[in-house]
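Written below as structure tokens is the structure these notes are about.
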Protein chains: 4
Amino acid sequence: MNAPDPLLPLFDVQSQRDDRQIAIDAVGVHGLRHPLTIQSGTVLLPTIATVTMTVGLGAHLRGTHMSRFVELLEAQSDPVDQRRFGTMVQAMVNRLEADSGAIDLRFPWFVIKHAPVSGARSRLDHEVRWHGRLHEGRYTFRMGVRVPVTSLCPCSRAISDYGAHNQRSIVSIEAELAAQTPIDELVAIAERNASCEIYGLLKRGDEKYVTERAYDNPRFVEDLVRNVAADLDRDSRVVRYRVEAENFESIHNHSAFARVVRDRLRETRTQGTPS
Amino acid sequence: MNAPDPLLPLFDVQSQRDDRQIAIDAVGVHGLRHPLTIQSGTVLLPTIATVTMTVGLGAHLRGTHMSRFVELLEAQSDPVDQRRFGTMVQAMVNRLEADSGAIDLRFPWFVIKHAPVSGARSRLDHEVRWHGRLHEGRYTFRMGVRVPVTSLCPCSRAISDYGAHNQRSIVSIEAELAAQTPIDELVAIAERNASCEIYGLLKRGDEKYVTERAYDNPRFVEDLVRNVAADLDRDSRVVRYRVEAENFESIHNHSAFARVVRDRLRETRTQGTPS
Amino acid sequence: MNAPDPLLPLFDVQSQRDDRQIAIDAVGVHGLRHPLTIQSGTVLLPTIATVTMTVGLGAHLRGTHMSRFVELLEAQSDPVDQRRFGTMVQAMVNRLEADSGAIDLRFPWFVIKHAPVSGARSRLDHEVRWHGRLHEGRYTFRMGVRVPVTSLCPCSRAISDYGAHNQRSIVSIEAELAAQTPIDELVAIAERNASCEIYGLLKRGDEKYVTERAYDNPRFVEDLVRNVAADLDRDSRVVRYRVEAENFESIHNHSAFARVVRDRLRETRTQGTPS
Amino acid sequence: MNAPDPLLPLFDVQSQRDDRQIAIDAVGVHGLRHPLTIQSGTVLLPTIATVTMTVGLGAHLRGTHMSRFVELLEAQSDPVDQRRFGTMVQAMVNRLEADSGAIDLRFPWFVIKHAPVSGARSRLDHEVRWHGRLHEGRYTFRMGVRVPVTSLCPCSRAISDYGAHNQRSIVSIEAELAAQTPIDELVAIAERNASCEIYGLLKRGDEKYVTERAYDNPRFVEDLVRNVAADLDRDSRVVRYRVEAENFESIHNHSAFARVVRDRLRETRTQGTPS
């Protein structure tokens with residue numbers, strides 16, 4: 001899998017080189033699980049990341065050096081925060097002698113929560129994605145969070161004499177960020193716009209609270225993405241974003257789904273250009 | 001992968017044979033996707049099965065004939081009902097010159113449903129498993145269904161001034177059956193014991209109905225498995241069973257879970273034997 | 001989940017409407033499994049699709065009509081080919097009174113193959129995606145295929161005295177197509193550029209053939225995507241594409257991965273515009 | 001979800017109690033992700049476990065106390081080794097006022113390896129399962145490991161003029177253990193019986209080594225399970241076991257599969273009883 005020395009005899013290398021002239025946008029390792037300590041805001045957390053590391057490859061080169069990606073990852077012993085993550089991307093591009101490259105980390109992230117009435121303490125897990133990319137001399141960082149919440153259907157509530165169907169939903173935010181942003185802040189944006197937050201541990205008084213709170217805050221899947229989008233619009237760190245919500249409907253075997261995408265950069269450019 | 005002729009030179013075969021003397025309980029092909037038409041009750045449905053086919057292998061034989069499993073599956077052009085499925089298992093054991101063997105099919109099965117008020121027609125998908133096994137001269141057939149339903153929490157309803165958390169649940173039944181049993185009958189047992197059935201298509205009047213019906217029929221995860229178990233206990237075709245329910249809690253990021261297992265054969269034998 | 005009549009009393013609807021003014025890019029149903037007969041080229045095949053159907057929703061509308069998506073899907077009784085799929089997308093946008101919309105189908109597709117020496121017949125399954133989108137008055141169709149193949153590492157072959165590590169790989173093509181394109185043609189492009197094709201059923205003579213053929217055709221993950229890209233570049237129906245290859249390395253617990261992306265439309269526009 | 005006080009009015013509780021008289025084999029929480037530090041042998045490793053915790057529930061009790069499971073897990077701040085895991089199971093059964101119970105942990109476990117020629121250091125991830133069960137006064141502990149290895153087909157090697165198909169395989173061992181057993185020892189049993197071990201990081205000299213070593217050690221899926229079984233048979237800590245191997249065939253889109261199951265306890269009893 002490692003690119004051979006040019007001196008070694010290899011099948012058909014020369015002729016293939018002549019025919020194709022195709023640059024590769026991304027080549028590297030994918031699906032590599034690795035323990036990492038992630039630092040975000042004031043929190044330091046050991047977790048298990050699933051890692052993709054790729055670089056661009058010029059049209060004149062047959063293959064990349066796969067083992068170097070793993071060496072770089074193995075050498076990462078310090079905790080990784082948003083800034084050091086950018087340094088990792090730059091170091092990879094340098095080590096692979098490339099012009100562009102990206103690292104993608106996906107890892108569970110635990111937030112400590114206190115139940116709304118009893119104050120009982122428990123952890124809640126979220127799927128987080130960090131994606132750093134160096135391309136044409138510019139570094140961009142995207143963060144993704146997948147946040148479980150409760151949604152309660154406004155229509156079901158309005159038309160029923162009692163009760164209302166509700167369910168677990170996943171609110172996904174993926175945002176390009178121009179500044180340091182703690183994971184917990186994106187999680188909080190998703191949570192505060194749902195019918196109710198979710199908790200790992202609820203005592204009886206808490207269960208009454210979350211049941212009534214969800215009933216008091218019915219949200220369509222459309223409401224979830226709009227409310228989150230409105231909050232992201234107010235956040236100056238967010239350059240572009242995609243918000244999705246998926247309701248695992250309790251009355252169907254499929255999901256209700258909604259998505260809002262916004263790219264402020266493009267809007268700014270458009271506004272700045274007389275058309 | 002196919003067992004070689006004894007005449008072909010193979011690495012270390014003889015010495016391995018002497019050392020091990022270990023019979024293999026099951027060897028064959030796994031994870032093979034194949035289009036099959038399944039017949040169950042009066043319904044004939046083309047579906048896509050994920051197939052495992054295995055046989056027992058004596059301690060004196062080095063390997064089985066992997067390609068024969070696929071040949072047998074490819075030769076199956078007729079619709080498969082419960083009886084023909086047994087014939088397939090026997091044919092496989094014969095063709096592989098084995099004493100025992102099993103075929104495992106997992107496939108989506110669609111039930112046509114009518115919404116409770118509007119009568120609107122839609123399909124609902126269930127995961128079904130057929131497992132046929134020939135062992136020590138006896139053939140046994142197990143059927144599994146995974147049925148999505150609505151569960152509404154009795155505790156949440158009882159302690160809250162309004163509303164009650166509810167969610168999608170999966171009720172799984174796996175039963176060894178002594179007689180022909182339509183898939184739809186096992187599905188119906190799971191559905192009728194839930195807080196409410198699930199539908200693919202609901203109009204507004206239907207949504208009001210299912211919301212109120214679930215509220216009128218609160219069920220713990222414990223209730224789901226007990227009610228299904230009680231129904232299976234009354235069914236003379238059921239030799240042994242395992243019932244599981246998993247509630248994808250709308251207020252947590254984990255599931256509530258329950259299981260009841262019963263083996264009537266063992267009970268009968270125990271009762272019949274003076275101890 | 002269905003949008004209520006404006007006359008029904010609903011929580012907080014008016015104020016939310018005033019605050020947000022956010023159009024929704026896509027809202028609808030997701031993860032719905034449905035049996036469909038797909039027609040592609042001369043092949044007609046019943047399969048099981050996993051369906052997403054969404055429409056755009058203007059800033060002034062609170063919610064879409066979720067049940068209409070399922071009604072449309074249930075009403076689709078004819079086989080779906082590429083042309084009728086476009087009609088389905090248009091019908092959905094009309095029925096939902098929207099300006100834009102997309103249908104996404106993912107389904108297993110079976111190709112009948114004959115083993116290279118024995119001619120033994122078997123099916124091979126591929127994951128296929130059809131994505132039709134109506135946006136700003138223009139309809140675009142994308143087809144994706146995920147094709148399992150064998151890859152054999154050129155480096156391992158070159159440096160080893162005997163043998164070479166090889167493994168199953170998935171070549172994924174996703175292409176926007178300007179004209180009817182049978183699924184099997186995209187599958188064939190992936191297969192003919194691998195170290196060797198994969199088969200459901202191989203007899204001993206076939207196994208010898210594919211073993212030697214893979215050894216005679218070593219391919220890096222980079223070679224896989226470049227060769228497929230070169231073929232797509234020559235195909236006038238392909239407007240833009242993304243090719244990915246993932247090798248489930250037999251010597252690692254992670255994958256080697258490569259991607260080539262090309263957008264001819266953008267290139268044409270750029271070339272046509274004096275800058 | 002938490003069992004209500006008997007004083008609270010609940011739907012239909014009394015009549016259901018009379019009808020059913022069905023004890024529940026297992027009820028609790030499922031699919032809960034939680035960070036845990038696992039100690040095994042001399043290794044201490046923070047990881048992320050997916051947890052199931054259940055207890056048996058008598059026929060006379062309507063529901064269990066779901067929140068207590070999560071409280072117990074949250075209170076576990078010390079590293080968990082095999083002995084402390086047993087204490088956790090006992091504490092859970094006590095706290096839930098039950099007669100039986102089980103905890104199931106599934107977590108990635110990383111083994112540090114050195115490449116065979118260069119000595120390059122990297123981690124390799126394995127899926128591990130710890131299952132502790134208290135039932136009828138007896139505690140049993142089962143450990144499962146899923147170990148990725150290389151398998152090279154003896155038949156393909158024997159019949160081909162050059163090369164041999166090989167692929168990643170997963171060897172799964174699940175063993176009931178009568179004494180402390182480091183995870184790494186079960187992993188090593190799986191690795192040493194494969195065609196070759198797998199590594200996270202291989203330099204060119206290492207790649208030559210593993211390629212040739214796999215070619216020198218061809219193994220059928222049957223060989224994998226037999227060789228592992230033979231090693232487990234010699235290990236006095238192993239009370240009963242199930243060994244499975246799945247080869248993700250590089251020449252097919254399905255797996256070759258084999259399983260050996262052995263229960264020494266049953267054999268001992270049978271031998272000890274005059275029949």
Side-chain angles (χ1 to χ4, degrees), chain C residues 108 110-111 113 115-116 122-127 146-153 155-170 194-218 247-255, chain D residues 108 110-111 113 115-116 122-127 146-153 155-170 194-218 247-255:
Chain C
F110 293 86
V111 176
K113 305 190 66 165
S122 65
R123 289 173 183 83
L124 190 63
D125 56 315
H126 308 277
E127 280 295 312
R146 288 173 53 83
V147 181
V149 298
T150 306
S151 65
L152 184 138
C153 178
C155 171
S156 168
R157 189 189 115 143
I159 62 180
S160 304
D161 292 341
Y162 40 84
H165 79 78
N166 52 77
Q167 52 268 320
R168 204 188 297 165
S169 302
I170 298 285
S195 293
C196 191
E197 293 182 42
I198 263 178
Y199 298 85
L201 175 55
L202 294 171
K203 305 301 290 179
R204 289 170 57 73
D206 304 313
E207 190 169 352
K208 174 178 161 61
Y209 176 90
V210 298
T211 300
E212 294 173 358
R213 178 167 167 77
Y215 194 84
D216 287 337
N217 290 279
N247 293 4
F248 300 94
E249 300 283 299
S250 61
I251 61 171
H252 295 303
N253 200 24
H254 59 264
S255 297
Chain D
F110 292 87
V111 176
K113 306 190 66 164
S122 65
R123 290 174 182 82
L124 189 63
D125 57 314
H126 308 277
E127 280 295 312
R146 288 173 54 83
V147 181
V149 298
T150 305
S151 65
L152 185 138
C153 178
C155 171
S156 168
R157 190 189 114 143
I159 62 180
S160 304
D161 292 341
Y162 40 84
H165 79 79
N166 53 77
Q167 53 268 320
R168 204 187 298 165
S169 302
I170 298 285
S195 294
C196 192
E197 294 181 42
I198 264 177
Y199 298 85
L201 175 55
L202 294 171
K203 307 300 290 181
R204 288 171 57 74
D206 304 314
E207 190 169 352
K208 173 176 162 63
Y209 176 91
V210 298
T211 301
E212 294 173 359
R213 180 168 166 74
Y215 194 84
D216 287 337
N217 291 280
N247 292 3
F248 300 94
E249 300 283 299
S250 61
I251 61 170
H252 296 302
N253 200 24
H254 59 263
S255 297

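The sequence lines fix the lettering, A, B, ..., with proteins before strands; numbering per chain opens at 1.
- Between D:D161 and C:K208 there is a side-chain heavy-atom pair separated by less than 4.5 Å.
- Among the candidates C:Y215, C:Y162, C:Y209, C:Y199, the residue making the largest number of heavy-atom pairs closer than 4.5 Å to chain D is C:Y162.
- Counted within 6.0 Å of CZ on D:R146, heavy atoms from surrounding residues, nucleotides or ligands total 12 or fewer; the atom is thus considered open.
- Residue with the most contacts toward chain C among D:S160, D:S151, D:G163, D:S122: D:S160 (heavy-atom pairs, distance under 4.5 Å).
- Proximity of a side-chain donor or acceptor of D:R168 to a complementary backbone N or O of C:H254 within less than 3.5 Å is detected.
- No option in C:T211, C:N166, C:I251 other than C:N166 meets the side chain to side chain contact (heavy atoms under 4.5 Å, CB included) test with D:N166.
- In this structure, OG in D:S156 is found 5.0 Å from CD in C:E207, a value given to the nearest 0.5 Å.
- Here the side chains of C:H252 and D:L202 are in contact, with some heavy-atom distance below 4.5 Å.
- Put simply, the side chain of D:H165 does not reach to within 4.5 Å of the side chain of C:T150, judged on heavy atoms.
- Heavy-atom distances place no part of C:D206 under 4.5 Å from chain D, backbone and side chain included.
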